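One structure is given here, and the rest of the page talks about it.
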Amino acid sequence: MKIIYNKIIPFGRRYLAINLFGVLFAKGPCNKTIVNHEKIHTRQMQELGYIFFYLFYVIEWIVRLFITRNSFNAYNEISFEREAYSMQNDMSYLKRRKKFASFSKKYWKG
């Protein structure tokens, strides 16, 4: 995974890194947990196609925002994020991950 260090992207103070089309933009050093989290997102993107991934991501965030009325809580409830956060410490997860795991009942709360 290519990592580009900069002081601008991602925007906002709460976020240290963002994965854009399989390239990691980071404000500072990334440990193996952060890199693994972003690798999970890259796999999600590859499965859905990059445009559909971002489309589903934004739509789900908007729905969660309407429900939670809090942008950070909405972000944390996105199924893609739930999968990535729950498995980010498991460095072998991607070897056994099933396709479209983000859409399983485990990560999708309706």
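One-based numbering along the sequence shown. All of these numbers come straight from a predicted model, not from anything done at the bench.
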Provide the closest heavy-atom pair for [X] versus [Y] in the form atom of the first, atom of the second, distance.
X	Y	answer
Cys30	Leu24	SG-CD2, 4.0 Å
Leu94	Lys39	CD1-CB, 3.7 Å
Ser102	Ser79	O-CB, 3.4 Å
Met87	Tyr93	CE-CD1, 3.3 Å

Exercise for review: With the side chain counted from C-beta on, respond yes when Phe100 and Leu48 share a heavy-atom pair under 4.5 Å apart, and no when they do not.
Suggested key: yes
Point to revise | Within-4.5 Å side-chain heavy-atom neighbours: Phe80 and Phe103 | key: yes
hydrophobic_cluster_shared for [Y] and [X], side chain cutoff 4.5 Å:
X	Y	value
Leu65	Tyr57	yes
Phe53	Leu20	yes
Phe52	Trp61	yes
Tyr85	Phe56	yes
Ile78	Val58	yes

Exercise for review: Please list all pairs passing the salt bridge (charged side-chain N to carboxylate O under 4.0 Å, His left out) test where one or both residues lie in residues 72-93, with sequence neighbours left out.
Suggested key: Glu77-Arg82, Glu77-Lys109, Glu83-Arg97, Asp90-Arg96
Review point. Is it true that a side-chain atom of Tyr54 and a backbone atom of Phe21 form a donor plus acceptor pair closer than 3.5 Å?
Key: yes
Point to revise | Those residues that, when tested against Phe25, pass ring pair (Phe, Tyr, Trp, His ring centres under 6.0 Å) (two or more places apart) | key: none
Point to revise | Residues that His41 engages under ring pair (Phe, Tyr, Trp, His ring centres under 6.0 Å), provided they are two or more places apart | key: His37
Measure the spacing between [atom1] of [X] and [atom2] of [Y] and express it to the nearest 0.5 Å.
X	Y	atom1	atom2	value
Met45	Ile51	CE	CD1	11.0 Å
Thr33	Gln88	OG1	CD	6.0 Å
Gln46	Lys99	CD	NZ	9.5 Å

Check your understanding: What pairs with Tyr15 under side-chain hydrogen bond (donor to acceptor under 3.5 Å, both in side chains), at least two apart in sequence or on another chain?
Key -> none
For residues 1-9, which side-chain donor-acceptor pairs fall under 3.5 Å, sequence neighbours excluded?
{"from": "Asn6", "atom 1": "OD1", "to": "Ile8", "atom 2": "N", "distance (Å)": "2.8"}
{"from": "Asn6", "atom 1": "OD1", "to": "Ile9", "atom 2": "N", "distance (Å)": "2.5"}
{"from": "Asn6", "atom 1": "ND2", "to": "Ile9", "atom 2": "O", "distance (Å)": "3.2"}

Revision key, fill the gap. Members sharing Ile34's hydrophobic cluster, built from side-chain contacts under 4.5 Å between Ile, Leu, Val, Met, Phe, Trp and Tyr, are none
